[in-house]
There are 2 protein chains.
Amino acid sequence: MAGKKEEFENNPVCEILCVHTDLIESVRETLIPGGQVHQLAELFKTLGDPTRVRIMDALAKNEFCVCDLAELLELSQSATSHQLRVLRSNDLVKYRREGKMVYYSLDDEHVLALYREGLEHISEGRG
Amino acid sequence: MAGKKEEFENNPVCEILCVHTDLIESVRETLIPGGQVHQLAELFKTLGDPTRVRIMDALAKNEFCVCDLAELLELSQSATSHQLRVLRSNDLVKYRREGKMVYYSLDDEHVLALYREGLEHISEGRG
DNA sequence: TGTACATATGAACATATAGACATATGTTGG
DNA sequence: CCAACATATGTCTATATGTTCATATGTACA
């Protein structure tokens with residue numbers, strides 16, 4: 001029952017047998033580092049919530065203060081602020097203070113491009 | 001204590017007072033429908049997991065069978081297959097069968113563009 | 001047909017998170 | 001300083017989800 005796969009190299013024991021070792025080794029060098037994996041996942045996860053998508057959609061069209069966003073999207077003030085905080089932490093939106101009010105907008109053109117790229121994907125999926 | 005905000009229209013009672021009604025009404029017409037909101041959130045949410053990001057990253061560089069992916073990313077076969085299923089359901093990857101093996105790759109150029117757009121965002125944030 | 005391998009799926013558990021509620025912070029005007 | 005308003009934040013709970021373990025499906029070959 002043992003010592004059956006020794007016809008390969010003395011690799012660390014691996015249950016899987018179909019591995020294309022050379023390909024794996026060469027691609028392994030090009031994989032993005034763990035830190036970037038985490039950042040990238042956080043970025044997409046941030047966009048991966050219906051409420052935040054709606055906020056992004058609104059901000060893609062105009063700058064808004066918190067209470068306008070809440071009214072427009074029929075959200076509570078708390079929920080709106082919480083989600084804006086998440087978007088802010090991930091550099092998806094920026095804000096400027098004007099008196100008591102705080103106005104939010106998309107952080108830059110790049111964020112807008114990312115959002116629209118997503119929109120295109122789901123649109124073409126319909127054809 | 002009551003009937004204080006009747007100087008506005010007889011809108012449904014709203015605790016918020018700072019609303020820019022005209023702006024909201026005009027933007028409201030342009031908001032994306034609920035179905036698209038859901039689809040878009042699902043798309044981004046799918047990309048919003050470290051394991052799936054790593055799979056996307058690998059597939060952005062080469063086609064892989066399941067066990068190669070598992071080996072390359074040091075994941076269990078089950079976890080790999082589960083995540084590939086999620087990616088497949090959201091049209092982010094496609095697959096082809098060859099004998100016992102199933103080879104996965106990115107669904108199209110558009111998916112790759114979306115992934116790279118995300119990469120650029122986190123890269124520029126470093127500057 | 002039966003065995004071995006590659007992949008897929010089902011169930012269960014631990015963790016993460018969106019929103020409600022209450023409250024704190026920050027700003028303006030008196 | 002105090003009151004009123006706009007926004008932010010802490011806590012809690014219900015829900016969603018990633019992984020593991022066990023098992024099922026599918027394919028090739030003897």
Side-chain angles (χ1 to χ4, degrees), chain A residues 1 4-5 7-8 14-20 37-38 41-42 44-56 63-90 93-105, chain B residues 1 4-5 8 14-20 37-38 41-56 63-90 93-105:
Chain A
M1 280 287 209
K4 198 65 166 300
K5 338 179 165 163
E7 51 195 31
F8 293 91
C14 175
E15 310 293 350
I16 301 172
L17 298 175
C18 72
V19 178
H20 301 115
V37 167
H38 191 72
E42 283 300 309
F44 285 124
K45 187 190 297 178
T46 301
L47 290 168
D49 171 78
T51 298
R52 290 193 290 269
V53 164
R54 296 208 299 145
I55 292 176
M56 293 293 290
E63 177 189 63
F64 280 103
C65 68
V66 178
C67 69
D68 278 354
L69 268 179
E71 170 75 10
L72 175 61
L73 304 178
E74 300 179 30
L75 297 169
S76 71
Q77 181 270 325
S78 176
T80 306
S81 188
H82 270 291
Q83 300 306 346
L84 282 171
R85 175 182 164 80
V86 175
L87 291 170
R88 220 189 332 152
S89 305
N90 287 276
V93 304
K94 61 186 174 186
Y95 64 97
R96 66 184 178 86
R97 180 142 222 152
E98 186 170 308
K100 285 180 282 191
M101 260 118 65
V102 176
Y103 288 88
Y104 281 84
S105 54
Chain B
M1 280 288 210
K4 199 64 168 300
K5 335 178 167 162
F8 293 91
C14 174
E15 310 293 351
I16 302 172
L17 298 173
C18 73
V19 179
H20 301 115
V37 167
H38 191 72
E42 283 300 309
L43 168 64
F44 285 123
K45 186 190 299 179
T46 301
L47 291 168
D49 171 79
T51 299
R52 289 193 292 268
V53 164
R54 296 208 299 146
I55 292 176
M56 293 293 291
E63 176 189 63
F64 281 102
C65 69
V66 178
C67 70
D68 278 355
L69 267 178
E71 171 74 11
L72 175 62
L73 304 179
E74 299 178 32
L75 297 170
S76 71
Q77 179 271 324
S78 178
T80 307
S81 187
H82 272 293
Q83 299 304 351
L84 283 171
R85 176 181 162 81
V86 175
L87 291 170
R88 222 189 328 152
S89 305
N90 287 276
V93 304
K94 62 186 174 189
Y95 66 97
R96 66 184 178 84
R97 180 141 222 153
E98 185 170 308
K100 285 181 282 191
M101 264 122 60
V102 177
Y103 289 88
Y104 282 84
S105 54

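These numbers come from the heavy atoms of this one structure, side chains and all, not from hydrogens, waters or symmetry mates.
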- [ ] May I ask you to decide if the ring planes of B:Tyr103 and A:His20 are parallel, tilted or perpendicular, using 30° and 60° as cut-offs?
- [x] parallel
Task: Length of the line joining A:Phe64:CZ and D:dT7:C1', which is rounded to integer Å - done: 17 Å
Task: Rounded interatomic separation in angstrom, taking CZ from A:Arg85 and C1' from C:dT25 - done: 13 Å
Open item on the list: Between P on C:dT7 and CZ on B:Arg88, what's the gap in Å once rounded to a whole number?
Closed with: 12 Å
Task: Separation of atom OH in A:Tyr95 from atom C1' in C:dT27, rounded to whole Å - done: 14 Å
- [ ] Report yes if some heavy atom in the side chain of A:Ser78 is under 4.5 Å from a heavy atom in the side chain of A:His82; otherwise report no.
- [x] yes
Open item on the list: Is the ring pair B:Phe44/A:Phe44 parallel, tilted or perpendicular, if the boundaries are 30 and 60 degrees?
Closed with: parallel
Open item on the list: Contact between B:His38 and A:Val53 at the side-chain level, heavy atoms closer than 4.5 Å - yes or no?
Closed with: no
Open item on the list: How close do A:Thr46 and A:Arg52 get, counting heavy atoms only, and between which atoms?
Closed with: O-NE, 2.5 Å
TODO: Could you point out which residue of B:Asp49, B:Leu72, B:Leu69 forms a side-chain contact (heavy atoms from CB on, under 4.5 Å) with B:Ile55?
DONE: B:Leu69
Task: Whole-Å gap separating P (D:dT20) and CD (B:Glu74) - done: 12 Å
- [ ] Take the protein atom CG of B:Leu84 and the nucleotide atom P of D:dT19, then report the distance between them rounded to whole Å.
- [x] 12 Å
TODO: Would you mind reading off the distance between B:Leu87 atom CG and C:dT9 atom P, rounded to a whole angstrom?
DONE: 14 Å
Open item on the list: At 4.0 Å (heavy atoms only), tell me whether B:Tyr104 reaches a base, stays on the sugar-phosphate, or touches nothing.
Closed with: sugar-phosphate
Task: Test item: A:Gln83 and A:Leu75 side chains (from C-beta on) under 4.5 Å apart, heavy atoms - done: no
Open item on the list: Using every non-hydrogen atom in the two residues, find where B:Lys100 and B:Arg97 come nearest and quote the distance to one decimal.
Closed with: O-NH2, 3.9 Å
Task: Protein-nucleotide distance (B:Arg96, atom CZ; C:dT7, atom P), rounded to Å - done: 12 Å
- [ ] Indicate for each nucleotide in nucleotides 12-19 of chain C, in 5' to 3' sequence, whether protein heavy atoms under 4.0 Å reach the base (B), only the sugar-phosphate (S), or nothing (-).
- [x] -----SSS
Task: Base versus backbone protein contacts along nucleotides 22-30 of chain D [heavy-atom cut-off under 4.0 Å; B, S, -] - done: B----BS--
- [ ] Could you tell me which non-hydrogen atom of A:Val37 sits nearest to which non-hydrogen atom of B:Pro50, and how far apart they are?
- [x] CG1-O, 3.5 Å
